[in-house]
Amino acid sequence: MRLGLVTLALVAALSVGAPAGARETKGAEPGSNPIVRDKFTADPAPLVVGDRLFLYVGHDEAQRDEMFNMREWLVYSTTDMKHWTSYPPIMKATDFKWAKKDAWASQAIEKNGKFYFYAAVEHDSTHPGKAIGVAVSDKPTGPFVDARGSALITNQMTPKGTHSWEDIDPTVFTDDDGTTWIAWGNRQAYIAKLKPNMIEIDGPITEITPPHFEEGPWLHKRGELYYLTYASLDRSTQRDEHVSYATAPAITGPWTYRGLLTGSGKYSFTIHPGIVEFKGAWYIFLHNADLAIGDQSGAIGRRAVTVERLHYNADGTLKPVVQTRAGVSARP
Ligand code: FUB
């Protein structure tokens, strides 16, 4: 989000939201979008463990014209991409004792037999601004507990940034040599190495901001190519976030901008890519605001996660993604 207080009202006015009751949620084809229909969910982050895909999301609980009200993270799992199992919440933002609120975009990764959850939250007044914590669990479904007792990344660690919510939306990726990297950011994008213990930064923080970068970076690799996919916003032509990507021959770059991957999520100012290979196919998770639950319509703070198949060209570039209601229920 690149929204100051003044612009919040404007966004609320611009984001018309889905008309209440517009979305038929009963009896939908398994695999169609949105994936979760009884709660508003956002910022999808997939993780494959064995033959099961786990999907971590933030729980959107905004009331009326509230912008965001996100207190906890949820997880769902599937073995066939069509039928999803829900679990109790994995963690609350305030389970990080140093955090005040805001269970924003986050990602889990498996390492050394444990599951590490990197989470964006609002830090208390000791380190004003957004921050990134790391929690740990023996199971992908949690519960997760703070692994450090302090933030891994604070706003004060990226002093060149221009605003207090710059240190959000962590994405984590383990390279072939076993090194895990963390990238994050809003307006500025950063990358750093993690120590093998997964709870400390190892070495410098490097800025890698690609064109039109807004937030929600996602790192992945296929073959020899590294991908940095992210929520982008070209303010000269776009009203809502789109998804763009860059590629590189190494995790350290250089990154080449590859342009747009998909447009905005229906009725949503934000969008958030999460990419994964599962059982021989590639998928991109996103969110829109095309879900209505009872008399609550979709809105900037009432989003719904979706998934589409992701396809590559022979040269490794990504084929444009068309966001559909059929999702993966449609034939490949
Ligand atoms: O969901 C809260 C924030 O909105 C996330 O951290 C951003 O990526 C955007 O989706």
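Just follow the structure's listing: the first ligand is 1, and inside any ligand the first atom is 1. Residue numbers start at 1 and run along the sequence shown.
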Per-atom contacts, ligand 1 versus [X] - under 4.0 Å to a heavy atom:
{"X": "H287", "result": "10 (O)"}
{"X": "M70", "result": "1 (O), 2 (C)"}
{"X": "R303", "result": "1 (O), 2 (C), 4 (O), 9 (C), 10 (O)"}

Measuring from non-hydrogen atoms of E241 to any atom of ligand 1, is the shortest distance under 4.0 Å?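 Contact check E241 vs ligand 1: negative.
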Heavy atoms only: which of T41, I168, D169 is nearest to atom 6 (O) of ligand 1? D169
Non-hydrogen atoms of L47 and I109 that approach each other most closely: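 Smallest interatomic distance, heavy atoms only, reads CD1-CA, 4.1 Å.
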Would you compute the distance between atom CD1 of I191 and atom CZ of F173 and round it to the nearest 0.5 angstrom? 9.0 Å
For a 4.5 angstrom cut-off between non-hydrogen side-chain atoms, does Y226 reach L219? no
Answer yes or no: is there a side-chain heavy-atom contact under 4.5 Å between D95 and W73? no
I want to know if ligand 1 touches [X] in the polar sense, i.e. an N/O pair below 3.5 angstrom.
{"X": "H272", "value": "no"}
{"X": "W104", "value": "no"}
{"X": "A42", "value": "no"}

Who pairs with K39 by salt bridge (charged side-chain N to carboxylate O under 4.0 Å, His left out), at least two apart in sequence or on another chain? none
For K101, all residues meeting salt bridge (charged side-chain N to carboxylate O under 4.0 Å, His left out), sequence neighbours excluded: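 With neighbours one apart ignored, the set is empty.
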